[in-house]
Q: 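Let me give you the structure first, and then I'll get to my questions.
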Amino acid sequence: MPGTPPGTLAGTPPETLADPQPDQATVHPVQAPPLPVTLNAAAAAPVAAIARTERDIVALGIIFAAIILFVGTGSSVLTGLARHLLFGETNVDSLLTNALLLNIALIVFGWRRYTDLLQEVAARRDAEAAALRLADTDPLTGLLNRRSFDVTLIRLAADVAARGGSLALMLIDLDRFKRANDSHGHGVGDAVLVETARRTAAMLPADAVLARLGGDEFAALVPFSRGADGMAQTERLAARIGHAIALPIQCGEHTVGVTASIGAVCAPITTDQTLAEATDTLLHRADVAMYQAKKGGRSQHCWFDPAMEADMLARNRLEQAIRAGLKNGEFRPYYEKQVDLASGAITGFEMLARWNSPTLGVVGPDVFVPVAEEIGVMPDLSEHLIRAALIDARDWAPHLTLAINISPVQLRDPWFAQRLLKLLVEARFPAGRLDIEITEVSLRENLPMVRSLVTSLRNQGIRISLDDFGHGASSLAHLRTLPFDRIKIDRNFIAGLGQSRDSAAVVEAIAAIGRGMDLPITAEGVETPEILAELRKLGALQGQGYLYGQPLSAQALYQELAGCSLLAQPVPTATVPPASPATDSRTA
């Protein structure tokens, strides 16, 4: 396509993109200058109307009439006036003289009115153009906004269809941008968006169109002529854009790293569909491909495949079902026993989330928790489960504890400690019986905030456990910097006991660390008698796993505790036996 379409960021032609890129760019959190945008006919109509009024008929008529009168009377009056002043001849006609002076005043007045009107019209035209430009562009990056992008997409599709070419669309979504924005502030986040726009534009050919659709999502349109290999060129462009965005960005004292998930589609625009249908199909397929890129691990580009659409539809149904299930109270806490391995006595329970779906049955957290975190309902879901668990645990014997896992999403909430304390007060549950479990993954994301949270909770009497110990790379450092009350050994090490010497050595070393630091140890995944026998050799440990039974619903657990006199008001006729290993130990 000849020329540069309106609203584009003119970039480097693809043939010259092999030049090495800098390792990082230093940017400042300032607003990028807006790019020029050509207005469409409807938008330009007000400006044209203003331009037509530049020649004020009234002002021009006054000037024209005054000049005619001046020419008609000026020669005789000025001649007589000059002869009277120079030679004293004849008397001056006062009426004609006054008419001449009036003509001169009218000429001056008309010209002044005309110039003032020109300035006013110019100012109004500039203001109108600026307003239209703001309506069509993103004020931060200067790119097209969503509204003008939709118009440009249809225009380019029509042009491509007329020439028999193809049109490529790439949807670009930044990965981990929200984390960087929340950590460093909106000024740094804005600078990252501006730099992302600049780098992406530099990778695009001169006839491409780049737009910011909103938030951290961008869209690039690239038209191709008949006979061009659009898919191969789009593949190279997507790879280069992803590489350019992934380079570190230096914003003042902060170094920010973001990547991009890119969904790509390239197709000819035919007459089989209307332009609106063709463009809607392009957008839908690019969106599906971008979703697949994020699902596949982010920081990559994916092409649309029809199989992706079925996967995305299933995901959408799952999201809707989770929202409806949260509203209908389908998510309930289940409880797994925590046992003293030496005596077999029950010491407490860990709450596990389960979804009692009317269509899917009982669904585990590995299915719905990642989706709930992505769609933003995890805080509400977790609060609902914690509230229910605190009410359930209120009926247990006073020595039984309740352990609750906290997700990384919750730990990013600066008000989480206050919300949790409020739930404790509402349920009238003692803080000393609550054990909060934090994974090492959460510590890597925001250690200062986690330290503040842990300190606040421990000051209220809540105990804090380090979950999945040994799974991360900084386990010992975390034990030194945070005041944990318990260590929970990762189940992957426990599963190898009795089979792997390495697993036995790791578990034994962790047990020794616990004894040295006076930290109690809990082993997760106790599922066979052999594992139990190996753990008992390591000293006084607690454990949990399917060897002691499957997780129970609140009602089933209440009945079991009632039979064991482990309720707050024990049943007089029941005995209190230790928790014996279950016969059906490994059912799912």
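By convention here, the first residue in the shown sequence is residue 1. Since this is a predicted model, take the numbers as computed values, not measurements.
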Q: Would you find a donor on one side and an acceptor on the other, under 3.5 Å apart, between the side chain of S357 and the backbone of T359?
A: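 Between the backbone of T359 and the side chain of S357 there is a qualifying donor-acceptor contact (under 3.5 Å).
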
Q: Kindly determine whether V192 and D216 satisfy side-chain contact (heavy atoms from CB on, under 4.5 Å), including the steps that lead there.
A: CA-CA 9 Å; V192 170; D216 57 353; over 6 Å; no

Q: Output the distance between atom OH (Y546) and atom CD (E336), rounded to the nearest 0.5 Å.
A: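 Output value for this atom pair is 6.5 Å.
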
Q: Measure the CD1-CG distance between I462 and D485 for me, rounded to the nearest 0.5 Å.
A: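 The CG atom of D485 is 10.5 Å from CD1 of I462, to the nearest 0.5 Å.
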
Q: D138 side chain to N145 main-chain N or O, any donor-acceptor pair under 3.5 Å?
A: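 Not confirmed, D138 side chain does not pair with N145 backbone.
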
Q: Calculate, to the nearest 0.5 Å, the distance between atoms CD and CG belonging to Q410 and L381 respectively.
A: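 Going from CD on Q410 over to CG on L381, the span is 9.0 Å.
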
Q: Using a 3.5 Å distance criterion without hydrogens, assess whether the side chain of R212 forms a donor-acceptor pair with backbone atoms of G215.
A: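 Here the side-chain-to-backbone pair exists.
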
Q: Do the side-chain N and O atoms of D175 and S299 include a donor-acceptor pair separated by under 3.5 angstrom?
A: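 Judged by distance alone, the side chains do not pair up.
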
Q: Shortest non-hydrogen contact from F218 to L193?
A: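 Heavy-atom minimum between the residues: CZ-O, 3.9 Å.
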
Q: Decide whether R332 and S553 meet the rule of one side-chain donor and one side-chain acceptor closer than 3.5 Å.
A: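 The answer is no; no qualifying pair exists.
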
Q: Just say parallel, tilted or perpendicular for the rings of H184 and H254, cut-offs at 30° and 60°.
A: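 Because their plane-to-plane angle lies in the 30° to 60° range, the rings of H184 and H254 count as tilted.
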
Q: Looking at R419 and E383, would you say the former's side chain and the latter's main chain have a donor-acceptor pair under 3.5 Å?
A: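 Flag not set: sc R419 to bb E383 has no pair under 3.5 Å.
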
Q: May I ask you to decide if M378's main-chain N or O and S382's side chain share a donor-acceptor pair within less than 3.5 Å?
A: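 Judged by distance alone, no pair lies under 3.5 Å.
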
Q: Going from CE on M290 to CG on L171, what distance comes out if it is rounded to the nearest 0.5 angstrom?
A: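 Between M290 CE and L171 CG, I get 5.5 Å after rounding to 0.5 Å.
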
Q: Under a 4.0 Å N-O cut-off, is there an ion pair linking D150 with R146?
A: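 Answer for the salt bridge query: yes.
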
Q: Would a distance-only check, ignoring hydrogens and angles, find a side-chain to backbone donor-acceptor pair under 3.5 Å from T347 to Q338?
A: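 The answer is yes, because a donor-acceptor pair under 3.5 Å joins these two groups.
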
Q: Could you tell me the separation between the CZ atom of R463 and the CG atom of L402, rounded to the nearest 0.5 Å?
A: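 Rounded to the nearest 0.5 Å, the CZ-CG separation comes out at 10.5 Å.
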
Q: Donor-acceptor pair, N328 side chain versus E330 backbone, under 3.5 Å?
A: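 No; zero donor-acceptor contacts below 3.5 Å.
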
Q: Side chains of M351 and Y335, heavy atoms from C-beta outward: is any pair under 4.5 Å?
A: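 Yes, side chains in contact.
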
Q: So, E309 side chain and P306 main chain: donor-acceptor pair closer than 3.5 Å or not?
A: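 Not a single qualifying donor-acceptor pair exists.
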
Q: Find the distance between CZ (R433) and CZ (R394) and round it off to the nearest 0.5 Å.
A: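 Interatomic distance, R433 CZ to R394 CZ, rounded to 0.5 Å: 10.5 Å.
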
